[in-house]
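Contents: one structure, followed by commentary.
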Amino acid sequence: MKIRVRYFAGLREIVGQDAETLTVPEGTDVAGARALLVARYSRLQPILERSLCAVNREYVPADRVLQEDDELVFIPPLGGGAA
Amino acid sequence: MKIRVRYFAGLREIVGQDAETLTVPEGTDVAGARALLVARYSRLQPILERSLCAVNREYVPADRVLQEDDELVFIPPLGGGAA
Amino acid sequence: MEPVIQITREPLNREALVTAVAAPEVGGIVIFEGVVRNHARGKQIRYLEYDAYPEMAEQQIRRIVEEARQRWGAERVAVAHRLGRIEIGEASVIIVVATPHRAEAFEACRYIIDTLKTTVPIWKKEVSLDGEAWVEG
Amino acid sequence: MEPVIQITREPLNREALVTAVAAPEVGGIVIFEGVVRNHARGKQIRYLEYDAYPEMAEQQIRRIVEEARQRWGAERVAVAHRLGRIEIGEASVIIVVATPHRAEAFEACRYIIDTLKTTVPIWKKEVSLDGEAWVEG
């Protein structure tokens, strides 16, 4: 099945694009998609380990099972704390 | 000796003027000046009982002894609390 | 900077007050604006009339701002209070505090308005459909 | 009223946001403005660059504003966040809360900015004399 992955901030700079479509097996969860991305872009590994996950604009745990056409976004740490 | 009394807000409306000069005996304190004003303007009594006193722009207790040329102001309750 | 303190019969100018506290080291600005509202204490308000003992009010505000500077390091503060007749929707008081980090701006701004309301000799008269009265807090 | 929520690459307009929340029953307005400052974490900043996941950011902000409405009765709120390059002294975020009484406006405004900073997917990159880096809170 196909899912949509969008990249923002530091992730976009590493990946070099805003978004892509991934083909993953049925039953793949967020952690599985993350492993697939790390395999494809090894420089993503440290930042993905610190990131939260969102599916269809909601924060979700890493064991959330993906569905066809889901929008998956990894949310690197937010840095606004100090201002 | 002479002191200056200034009136604001509700006091000004009762007295009908912004300020006046009072002649009081040496050694008169704020409470004494207040009694004198109540004798002169009986309608001041209830509001003066609820008012703080300021001499030369500082809050003072009622037993503060007045000096020549002091500026005496009674400060009715402040009503800004709610907004 | 020296604090900006205005006690004036003119409409207050929020833009000018914010500009006055701006600086390259500022990261957070908190603005409080007290506005005349259409009802109070169950009465329908037509307008408010503010009076002050202006010299003492200014001196007291200066002292409150200095306390905020010492407690929260709030170095850039503007306080403006309007006197006279003020219509519904118009501002009677504006306080602007600019600090490097936002927590101090929130704390200092709130301290200044809360203390101003209880200690600074400024009074308001409510003019309602029922008549008019000086408000006692 | 429906809250005003803007996520935009244009300079923020404080006046328009305050006007949007005005109403005859409003007695207190608290405005928070986050401004780009010239130094952070020991570095001299040249400018900041903000990025967001805009659809999710807007949805999260809407949820935070709804929480503020329930907790403090803050019915009149505007939140605007700017994206892209923002220069020193310019606002990256403005939050305006208008309530009948000031305490609720202070509480709700602070809750909204504190929660926004920690949960809404908006990121900043600091561009300093030493280089550039996405900030992790």
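Proteins get letters first, then strands, A, B, ... in listed order; numbering begins at 1 in each.
- Heavy atoms from other residues, nucleotides or ligands lying under 6.0 Å from CD of D:E15 number more than 12.
- Residue pairs meeting the salt bridge (Lys or Arg N to Asp or Glu O under 4.0 Å) criterion with at least one partner in residues 24-34 of chain C, sequence neighbours excluded, are C:R14-C:E33.
- At a 4.5 Å heavy-atom cutoff, the contact between D:V30 and chain C is made by backbone and side-chain atoms alike.
- Between D:I29 and C:V35, the closest heavy-atom pair is CD1-CG2, 3.8 Å.
- Atom CD1 of C:I94 is separated from atom CD1 of D:I31 by 8.0 Å, given to the nearest 0.5 angstrom.
- The neighbour count for D:E2 CD, taken as heavy atoms of other residues, nucleotides or ligands under 6.0 Å away, does not exceed 12.
- D:V18 touches chain C through its side chain: at least one heavy atom from C-beta onward sits under 4.5 Å away, while N, CA, C and O do not.
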What donor-acceptor contacts under 3.5 angstrom involve side-chain atoms of residues 104-114 of chain C, with partners at least two apart or in another chain?
from, atom 1, to, atom 2, distance (Å)
C:E107, OE2, D:R110, NH1, 2.7
C:R110, NH1, D:E107, OE2, 2.7
C:Y111, OH, C:E67, OE1, 2.5
C:D114, OD1, D:R102, NE, 2.9
C:D114, OD1, D:R102, NH2, 2.9

